Amino acid sequence: MYNETVMDHFEHPRNLGEMEDATVVVDVGSPECGDRTKLYLKIEDNVIVDVSFRTLGCAAAIASSSMATEMIKGKTLEEAWNLTNTEVAEALGGLPEQKIHCSVLAEGAIREAINTYRKSQGLEPWQ
Ligand code: FES
C-alpha cells in the first residue's frame with residue numbers, strides 16, 4: 001500500500017518527540033478520522049529553528065508529519081505557511097488516494113501553530 005519513502009518515515013520518523021522549550025505547541029485533530037498531531041515549533045526571528053511532533057494516527061499521518069517537519073525546519077513562517085499537503089505527499093513519493101487526508105493533518109497543524117504564534121504576538125492570523 002505504501003512506498004519505501006513513506007515506510008521509511010513511518011518506521012523512522014524524523015523530529016519525533018516533545019520539545020521542552022517550544023515557542024508554540026498545538027494539538028490538532030483530523031475531521032475525517034479523529035487522528036491527532038501535536039506539533040512543537042521553536043521560532044526565532046521569524047524562522048522555525050526547531051520542530052518536533054507526536055502523531056496519534058495512521059502510518060500515512062506519521063510519515064506526513066515526519067516529512068513536513070523536515071520541510072519546514074529552517075524556513076521562515078511565510079515559507080512554512082505556504083507548504084501544502086500536496087507538496088508533502090509528493091515529497092513522500094505519493095500517497096494512496098484514500099490517505100491524502102492524512103497529509104492534510106500535517107499541513108493543518110503547521111498552519112494552526114503559525115497562527116497561534118501570530119496571535120500570541122498580537123498579530124492578525126493568516127487566512
Ligand atoms: Fe487518520 Fe490517516 S487515517 S490520519
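In this chain, residues are counted from 1 in sequence order. Counting starts at 1 for both ligands and their atoms, in listed order. Everything numeric in this text was worked out from a predicted model, so none of it was measured.
Applying the 4.0 Å criterion to heavy atoms of A61 picks out, from ligand 1, the atoms 4 (S). Each of the atoms 2 (Fe), 3 (S), 4 (S) of ligand 1 lies under 4.0 Å from some heavy atom of C102. Listed by number with element, the atoms of ligand 1 under 4.0 Å from a non-hydrogen atom of K99 are 2 (Fe), 3 (S). Taking every non-hydrogen atom of C58 and a distance limit under 4.0 Å, the qualifying atoms of ligand 1 come out as 2 (Fe), 3 (S), 4 (S).
Because the distance cut-off is set at 2.8 Å, C33 fails to qualify as a neighbour of atom 2 (Fe) of ligand 1, as none of its N, O or S atoms comes that close. Distance check for H101 against atom 2 (Fe) of ligand 1: none of its N/O/S atoms falls below 2.8 Å.
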| request: Before giving the answer on side-chain contact (heavy atoms from CB on, under 4.5 Å), spell out for T69 and L16 the whole-Å C-alpha distance, their side-chain angles and the decisive distance to 0.1 Å. | output: CA-CA 9 Å; T69 54; L16 184 67; over 6 Å; no
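Within the 4.5 Å cutoff, the side chain of L95 has heavy atoms near those of the V6 side chain. The side-chain heavy atoms of P125 and K119, taken from C-beta on, include a pair separated by under 4.5 Å. For the pair N115/W81, a side-chain contact is recorded, criterion being any heavy-atom separation below 4.5 Å from C-beta on.
Taking SG of C58 as the start and OH of Y2 as the end, the distance is 4.5 Å to the nearest 0.5 Å.
Using a cut-off of 4.0 Å between Lys/Arg side-chain N and Asp/Glu carboxylate O, R14 and D8 are scored as salt-bridged.
For D35, the N, O or S atom closest to atom 1 (Fe) of ligand 1 goes by the atom name OD2.
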